[in-house]
Amino acid sequence: MNNIKAIIGGTGIYDIGTDVYSETIQTEYGDVAVDIVNIKDEKIVFLSRHGKTHSTPPHLINYRANMKALCMLGVTHVYATVAVGSINNNFGLGDVVIINDFMDFTKARNNTFFDGTNGVKHVDMSDPYCKMLRVKFSEYAGNHNIDVKGNAVYVCTEGPRFETATEIKGYRLLGADVVGMTNVPEVVLAKELGICYSAVGIITNWATGFKDEEITFHDIKGSLKKNKEKITSAFIEILSTELNKAECNCANSVISL
Ligand SMILES: [Zn+2]
């Protein structure tokens, strides 16, 4: 199978129409359930990061199984949505941002496929999020009334606890704009597999202590609902077009020693 693209969703399930079938992919890391949709002449795989019933907490997601399953299906390009807390005054509730870099403060995750069995390998992180997919989303958004507030650096924490107010202050000082618990190692594993990967963030809350108010998620459903349909249809439209791997360096990011 060729020309297969994927959309990874987090919080919130997508309404993806009727021409859908489900498949369970058996990987060496575990089984992964996906929905596959025929759209135009393309197949688009939908993967729910937390499992179909949203039952897996962020620190226990089997990231390696998820990304390996996409690879085994022949997926070449992935768009993901991430629900994030804001630690930047410019990004408020419900805003849409394009993630362009990350900081990793996770602690206890299987975060690589490179376990030494095939020699020593490293992966280049100078452009962790596929530049070509980022530019295409930005252009599409500009032409279709999706208000992208800008690029954002994502800090990934281990969870499931939220961050302390002091941690949030520190992350802001280090240059982060938004905080979440799921984008690492997902983005790294995609790059190890040579898959183009881009993530779009939706702000669902202010991070701890950032606005001198308690962390609240009263807006989480409203924020997601407002934007998820527009973002999903943007993903589908872009992924349904011809995408050229030569326009980015994602397929050549692994360095073997
Ligand atoms: Zn790429």
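Here the structure is a predicted model, which means the values were calculated and not measured. Order of appearance sets the numbers: ligands from 1, and atoms from 1 within every ligand.
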Asker: Identify the heavy atoms of K149 and V97 that sit nearest to each other, and give their distance.
Answerer: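 Minimum heavy-atom contact is CB-CG1, 4.3 Å.
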Asker: I need the N183 CG to D104 CG distance, nearest 0.5 Å.
Answerer: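 Here the interatomic distance stands at 10.5 Å.
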Asker: Step by step, would you call Y29 with F113 a ring pair (Phe, Tyr, Trp, His ring centres under 6.0 Å)?
Answerer: CA-CA 10 Å; Y29 305 103; F113 292 116; 5.6 Å; yes
Asker: Nearest 0.5 Å, please: how far is OG in S240 from CD1 in I44?
Answerer: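 If I round to the nearest 0.5 Å, the distance is 4.5 Å.
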Asker: Please examine the side chains of N66 and I61, heavy atoms only from C-beta on, and report whether any two atoms are closer than 4.5 Å.
Answerer: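 They are in side-chain contact.
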Asker: Quick check for you: within a radius under 2.8 Å, how many protein N, O or S atoms neighbour the Zn ion (ligand 1)?
Answerer: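 That number is 4, waters not included.
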Asker: If you round to the nearest 0.5 Å, how far is CG of N88 from CD1 of I203?
Answerer: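 Going from the CD1 atom of I203 to the CG atom of N88 covers 8.0 Å.
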